Amino acid sequence: MLRALAPSSVRPPLARYSHGIVVPAGYRLVVTSGQLGIDADEQIPEGSEAQAELCFANIAAILAEDGMTLANIVRLNAYVTGREHMQGYMRARDRQFSATPPASTLVIVSGFTRPEFVVEIEVIAAAPG
C-alpha cells in the first residue's frame, strides 16, 4: 500500500524511515493522539524500548477500531526525553515496520505529564475508503 518518496536530490534517511509517503486519492485517515507507555491497568514499564512497544500496542488497538493495522501508518511522530532513549525507541519502531517504513520525526523533549514516561508516539494512518 505505501509508496515512499525518495528524491535523489535529498540525502537518504538517517535511520529506517521514509522521507515521504503517498496517500492515494480516496483513502480515509485516522489521526491518533500521542500514546504513552502505560497499559489499561496503569502499569508503566521501565525503559524506552518497553514503553515504545506499549505505545505501538496502544496505537494498534486504536487503529483496529477502524479496521487498520500498524501497516497503515503513513506518518509517525515520536518524542523521547533524552538522547539515551533514542536507540530503544528506534529498535521498537523498526520491529513494527517490515515493509516500507512511514515518514517519521523523532524529537527530544524536556518531559511528559509524569516523570516515568520517556516516550510518546502519535501517528497518521491511511486505508482505502
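Keep in mind the model is a prediction, meaning the values are calculated, not measured.
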(request) Measure the shortest side-chain to side-chain distance between Leu106 and Val80 over non-hydrogen atoms and say whether it is less than 4.5 angstrom. (result) yes
(request) List the steps and the verdict of side chain to side chain contact (heavy atoms under 4.5 Å, CB included) for Leu5 and His19. (result) CA-CA 6 Å; Leu5 300 175; His19 280 308; 5.8 Å; no
(message) Measuring from atom CD of Gln87 to atom CZ of Arg93, what distance do you get when rounded to the nearest 0.5 angstrom?
(response) 9.0 Å
(message) Restricting to side-chain hydrogen bond (donor to acceptor under 3.5 Å, both in side chains), what partner residues turn up for Glu122, sequence neighbours left out?
(response) Asn77, Tyr79
(message) For Glu49, is there an ion pair with Arg95 - N to carboxylate O distance below 4.0 angstrom?
(response) yes
(message) With rounding to the nearest 0.5 angstrom, report the CZ to OG distance, Arg91 to Ser48.
(response) 7.0 Å
(request) Please examine the side chains of Leu14 and Arg11, heavy atoms only from C-beta on, and report whether any two atoms are closer than 4.5 Å. (result) yes
(request) For Thr100 and Arg3, indicate whether the former's side chain and the latter's backbone hold a donor-acceptor pair under 3.5 Å. (result) no
(request) Evaluate the side-chain proximity of Val119 to Leu36: yes if any heavy-atom separation is below 4.5 Å, no if none is. (result) no
(message) Could you report the tightest heavy-atom contact between Gly37 and Leu54, atom names first, then the distance?
(response) C-CD2, 3.5 Å
(request) Please answer whether the main-chain N or O of Ala71 pairs with a side-chain N or O of Thr69 as donor and acceptor at a distance below 3.5 Å. (result) yes
(request) With sequence neighbours excluded, give me every side chain to side chain donor-acceptor pair (under 3.5 Å) pair touching residues 104-113. (result) Arg75-Thr105
(message) As an exercise, state the distance from CD of Gln51 to CZ of Phe112, rounded to the nearest 0.5 Å.
(response) 8.5 Å
(message) Check whether Glu53 reaches the backbone of Tyr89 with its side chain - one donor and one acceptor, N or O, closer than 3.5 Å.
(response) no
(request) Give the intermediate values and the outcome of side chain to side chain contact (heavy atoms under 4.5 Å, CB included) for residues Ile108 and Thr81. (result) CA-CA 5 Å; Ile108 298 172; Thr81 57; over 6 Å; no
(message) Are the side chains of Ile121 and Leu76 in contact, using a 4.5 Å heavy-atom criterion?
(response) yes
(message) Can a donor-acceptor pair be found, under 3.5 Å and without considering hydrogens, that links the side chain of Glu120 to the backbone of Val118?
(response) no
(message) Could you report the tightest heavy-atom contact between Ile21 and Ala4, atom names first, then the distance?
(response) CD1-CA, 3.9 Å
(request) Indicate, with yes or no, if Val123 and Tyr17 share a hydrophobic cluster defined by side-chain heavy-atom contacts under 4.5 Å among Ile, Leu, Val, Met, Phe, Trp and Tyr. (result) no
(message) Is any side-chain heavy atom of Ile73 closer than 4.5 Å to one of Phe97?
(response) yes
(request) Verify side chain to side chain contact (heavy atoms under 4.5 Å, CB included) between Asn58 and Cys55, making sure each step is shown before the conclusion. (result) CA-CA 5 Å; Asn58 292 342; Cys55 291; 5.6 Å; no
(message) Among Ile59, Ile124, Asp66, exactly one meets side chain to side chain contact (heavy atoms under 4.5 Å, CB included) together with Val30. Which residue is that?
(response) Asp66
Can you give each donor-acceptor pair under 3.5 Å made by side-chain atoms of residues 39-47, sequence neighbours left out, with the distance rounded to 0.1 Å?
residue	atom	partner	partner atom	Å
Asp39	OD1	Asp41	N	2.9
Asp39	OD1	Glu42	N	3.1
Asp39	OD1	Gln43	N	2.8
Gln43	NE2	Asp41	O	3.4

(message) Looking at every non-hydrogen atom in both residues, tell me the closest pair between Gly20 and Ala103 and how far apart they are.
(response) CA-CB, 4.4 Å
